[in-house]
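Below is one structure; the comments refer to it alone.
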Amino acid sequence: MAELAATSVATASRALNRSGAASEEVRRRVVGAADSLDFSVDPVARSLRVRRSNAIGVMAPSIPAPVFAEAATIRSLTARRVDGLIMTIADG
């Protein structure tokens, strides 16, 4: 993508993340290149880079119990809003 937009990888990253210095012309080129490549940010890859996952963990003795099921649903909806990764492991 950086080659297509004729920028460095660092500049392309700043333009996509709107962090640091990147002119509007460069930002338009980078976003145009990203669109033409059908690029989208991978939240798991980003979490590895920034060393923060925004994942939410819930441990409960029994999900079928109404109070835990409701809490898990609320947490799940919240996690989706922040691009969280949800993993459910059921026993039995």
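The basis for the numbers below is simple: all heavy atoms, side chains too, and nothing from hydrogens, waters or symmetry mates.
If you chain together hydrophobic residues whose side chains sit under 4.5 Å apart, Leu16 and Val41 fall into the same group.
Note that the CG atom of Asp42 and the CZ atom of Arg49 stand 14.5 Å from one another [nearest 0.5 Å].
Note on Glu24 versus Arg27: salt bridge recorded, some NZ/NE/NH1/NH2 to OD/OE distance being below 4.0 Å.
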